[in-house]
Amino acid sequence: MAKDSGAKATDMMAQWRELKARHQHAILLYRVGDFYEMFYEDAEVGARALGLTLTARNNGGAADVPLAGVPVRAVAEYVRRLVAQGFRVAICEQVEDPRLAKGIVRREVVETVTPGAAFADDLLDGARNNFLCAVHAVAGGPGGGAVGVAAADVSTGELRLATAPPREADALLARLGPRELLLARDPAPGVRDALAAGLAGAGSALVTEREGWEFDPALAADDLARHFGVLSLEGFGVGPGDAAAVGAAGALLRYLRELQPAGVPHLARPLLERAGGTMPLDEMTRRNLELVESLRGGGESGTLLDVLDRTATPMGARLLRQWLLAPLTERAAIEARLDAVAALVADPISRAALREALDGVRDVERLGSKAAAQRATPRELRALGDSVARLPAVEDAVRRVAAPPALLAALLEQWDRCADLATDITRLLVDRPPVALGEEATVRPGVDPELDELRALRDGGKDKIAEIQATERARTGIGSLKVGYNKVFGYYITVTNANLHLVPPDYQRRQTLAGEERYVTPALKEYEERVLTAAERIEARERQLFDALRAQVGARVARLQCAARLVAELDVLSAFADVAEREGYARPTVTDDFDLDVAGGRHPVVERMMARERFIPNDVRLTEAARLIVLTGPNMAGKSTILRQIGLIVLMAQVGSFVPAARATVGVVDRLFTRVGASDNLARGQSTFMVEMSETSAILHTATRRSLVLLDEIGRGTSTYDGVSIAWSVSEHLHDRVGCKTVFATHYHELTQLADELDAACNYNVLVREVGDQVLFLHRLAPGGADRSYGIEVGRLAGLPAPVLARAKEVLASLEGKGRRDDGGRAEEGKGTGERPRRSAPASHRIAAQAAHDQLGLFSAVPHPAVERLKGVDVNALTPLQALALLAELAEEAREEGSGKG
Ligand code: ADP
Ligand code: MG
């Protein structure tokens with residue numbers, strides 16, 4: 001670090017302290033010359049996080065100050081590492097030239113980088129948004145309040161507002177997957193509960209606490225209107241129900257301005273996400289279906305996203321991810337996407353042309369944002385120009401699609417070729433500009449006369465010297481006169497001693513050497529001055545031209561964002577078409593009816609892990625009359641695969657993709673739930689029986705008749721009888737009271753009796769064939785229940801030693817004997833080994849009773865609203881007529897609840 005005098009050092013620490021006080025929650029990187037220094041606790045934390053040596057510096061007499069520094073040229077990498085570890089980093093620059101500063105150099109924090117507010121490519125993943133979410137809740141109201149979310153991606157400029165009832169807030173946040181969360185420091189108690197409900201979905205986001213008043217909706221509305229230059233937010237579609245989201249957006253904007261003192265001019269006008277159009281997918285469903293991250297390791301391989309992602313652009317990749325996490329629930333909207341995909345499937349030539357045009361389009365959205373934030377480098381701005389220049393090719397390809405469906409036509413209607421932008425950029429910048437202005441040329445020759453002249457001056461140096469030399473020789477008559485150059489004296493004229501008498505009076509002597517003298521002239525000095533400063537002036541002029549171009553482009557960022565959105569949509573639709581063709585998917589028939597009918601369905605991910613022919617397709621039908629499938633079969637038979645495959649096919653259809661099936665009719669579902677029993681999920685460590693039960697209970701409260709519920713081995717996390725009982729009562733509730741489509745996969749073959757007791761339940765099992773002692777997995781679904789667990793046979797396949805297997809058989813036989821006695825002797829023994837023992841009802845009544853008991857236990861926590869109302873009734877204060885009216889209302893309410901809330 002620079003050597004300061006003691007007094008200066010004290011001044012500097014005072015300046016540091018003042019800056020640090022304003023950035024307490026960030027590591028302050030304080031610029032001193034060629035280093036960024038960290039002091040005190042920042043130094044300790046930073047040194048540990050970055051593996052730097054911690055030193056100490058004498059603080060002008062006071063005690064030693066812990067110190068760690070990073071060199072300026074490597075700062076980007078250090079910032080990346082700190083932010084990746086979840087730190088906020090405030091970057092403090094010298095904002096005046098140290099050579100000109102009087103006293104201590106003025107310094108300012110020019111930017112604070114946080115995980116949720118990052119621009120740098122190495123902090124971002126091209127294929128996903130980097131959301132910073134502010135969350136605010138308002139208490140009260142019919143649904144127990146509302147949770148408002150404002151999500152900004154500073155790298156793309158997106159800003160979204162959404163409001164959800166507390167119980168759906170976690171699904172909303174899970175979909176956005178924020179990197180950082182902004183919360184009020186001390187929320188009011190009611191608000192805190194609503195918030196707590198939502199935050200489960202936010203995963204491992206960094207939490208940043210802000211003052212409560214920053215979330216004030218009225219204050220926020222004013223601030224947002226001012227920021228976007230509108231009189232009121234109504235023009236954005238903001239209504240009275242959006243107060244929580246508006247409050248959140250206000251806090252978000254305030255925070256962003258603090259992080260980016262230069263402003264966030266590229267932040268697009270808020271997009272209001274309205275509930276209803278899309279399906280909220282809760283965290284567990286998203287995980288269990290492995291939509292965007294795998295259960296094992298959390299990576300992308302082995303996910304639906306991985307199979308479907310044939311996108312060519314980063315915008316497309318991000319949109320695909322958004323679509324997968326927000327399936328549509330309106331048939332018309334789904335059909336519109338499917339029509340577009342179908343048209344692209346049907347026209348492979350136009351599709352290929354479109355894919356090729358898209359291939360050259362880089363991240364227009366993020367590059368545009370960088371331009372608007374005055375951060376794009378010359379190379380990035382040129383990449384933006386080249387990408388924009390591809391837009392006409394994209395458009396032409398889409399126009400060529402035979403019989404373009406409505407969605408493609410609508411995209412074309414909004415199309416903006418942005419030709420002016422492309423021309424402006426490509427006309428000014430060279431084909432491959434450098435990353436930074438300086439040595440290499442950024443601006444083309446021939447576009448700016450001033451620049452051309454400066455370059456001529458710099459490059460024409462040799463000719464000019466020869467010219468001066470010739471003139472001086474002619475003027476003085478000294479034939480051996482030479483113009484030379486050295487670092488100390490610059491340009492000079494050399495005259496040998498023999499010719500000294502010819503030297504004219506305007507020559508000024510500079511240096512005497514053996515045998516010669518060196519001179520300068522005023523003209524030579526002036527020339528020298530111009531040459532030496534040419535490089536500097538070239539850079540300055542280039543910067544001027546470049547900055548102006550960048551500002552002009554940045555001012556048109558809204559058009560770039562719009563173009564990016566259209567490109568993204570075309571990219572995803574054509575990727576769907578590509579995948580459909582490659583994987584042999586079929587267009588689903590989407591209806592507003594109840595039924596789900598899949599013929600020859602496959603699991604899109606599992607089928608790719610084996611040779612195509614090896615995957616066994618299966619048929620599944622769920623109708624009002626057969627809406628609950630109990631799916632039994634031994635371990636490894638393929639139950640979980642079929643279960644997930646049903647969920648994925650429905651989800652893919654509602655996203656607008658073709659599906660892995662020979663034929664599929666999909667009655668649109670409003671929600672999709674998937675739960676996996678505790679022990680299946682232990683790998684991630686977060687699933688205990690308690691979690692499994694509370695998740696199950698959440699489904700029972702939220703599912704409606706239009707939902708699809710997939711339960712895999714629910715009840716497995718406890719003892720057999722407990723587990724069977726709970727599974728039983730949960731199924732019963734879904735069947736009787738919710739009435740939704742349900743598939744329950746279980747290795748408890750006892751549950752097959754459900755089908756006998758419930759009208760609309762039926763049994764399916766995944767077939768196995770016994771060959772002697774062996775069991776062969778057929779992976780084929782068939783009507784009827786499984787009757788055994790085949791655990792011992794599976795153990796054999798897994799290589800358990802023969803004596804262990806033999807002993808297990810003995811124990812099983814004895815347990816089965818005992819079970820029979822327990823059942824009052826009602827179970828019958830199988831006859832011989834070839835025929836499977838079919839056990840009859842193991843105390844069906846007892847299970848039903850147990851189920852009823854458990855059901856009470858599960859639901860007593862949340863009393864029925866009618867009961868709540870009854871508690872508040874003062875019978876004495878009612879007239880007979882009022883009493884009758886109330887009774888009718890209560891009865892209606894009870895009926896509504898019973899039919900699954902409509
Ligand atoms: P379960 O849930 O019944 O224990 P899984 O669904 O986990 O069984 O399937 C076990 C394995 O069987 C899978 O990993 C897969 O390799 C294979 N499998 C499942 N379904 C099929 C199928 N339809 N065709 C081919 N192989 C399958
Ligand atoms: Mg399973």
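Every number for a ligand or one of its atoms is a count from 1 in the order of the listing. Count residues from 1 along the sequence. The shown structure was predicted, so the numbers you read here are calculated from the model rather than taken from an experiment.
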**Student:** At less than 4.0 angstrom from any non-hydrogen atom of G638, what atoms of ligand 1 do you find?
**Tutor:** 1 (P), 3 (O), 5 (P), 6 (O), 8 (O), 9 (O), 19 (C), 20 (N)

**Student:** State whether R587 and D339 are salt-bridged, where the test is any N-O pair (Lys NZ or Arg NE/NH1/NH2 against Asp/Glu carboxylate O) under 4.0 Å.
**Tutor:**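 Yes, charged N to carboxylate O under 4.0 Å.
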
**Student:** Identify which of V606, I616, L781 has a heavy atom lying nearest to atom 24 (N) of ligand 1.
**Tutor:** I616

**Student:** Can you find a non-hydrogen atom of P634 under 4.0 Å from ligand 1?
**Tutor:**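 P634 counts as a contact of ligand 1 under the 4.0 Å cut-off.
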
**Student:** For A637 and ligand 1, answer yes if some heavy atom of the residue is under 4.0 Å from a ligand atom, otherwise no.
**Tutor:**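 True for this residue.
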
**Student:** Give the numbers and elements of all ligand 1 atoms closer than 4.0 Å to a heavy atom of R614.
**Tutor:** 24 (N), 25 (C)

**Student:** Is D712 salt-bridged to R675, cutoff N-O under 4.0 Å?
**Tutor:** no

**Student:** Considering distance alone, does some N or O of M610 sit under 3.5 Å from an N or O of ligand 1?
**Tutor:**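 No; the residue has no nitrogen or oxygen that sits under 3.5 Å from a nitrogen or oxygen of the ligand.
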
**Student:** Do the side chains of R310 and E583 get close enough for a salt bridge, i.e. N-O under 4.0 angstrom?
**Tutor:**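 Judged by the 4.0 Å cut-off on N to carboxylate O distance, R310 and E583 do not form a salt bridge.
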
**Student:** The Mg ion (ligand 2) and S640: any N/O/S contact shorter than 2.8 Å?
**Tutor:** yes

**Student:** Between D597 (side chain only) and R621 (backbone N and O only), is there a donor and an acceptor less than 3.5 Å apart?
**Tutor:**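 Between the backbone of R621 and the side chain of D597 there is no qualifying donor-acceptor contact (under 3.5 Å).
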
**Student:** Decide, yes or no, whether a salt bridge links E168 with R175 under the criterion of side-chain N to carboxylate O below 4.0 Å.
**Tutor:**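 Result for this pair is no, no salt bridge flagged.
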
**Student:** Under 4.5 Å between any side-chain heavy atoms of L622 and D595, yes or no?
**Tutor:**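 Side chain of L622 against side chain of D595, heavy atoms only: no contact under 4.5 Å found.
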
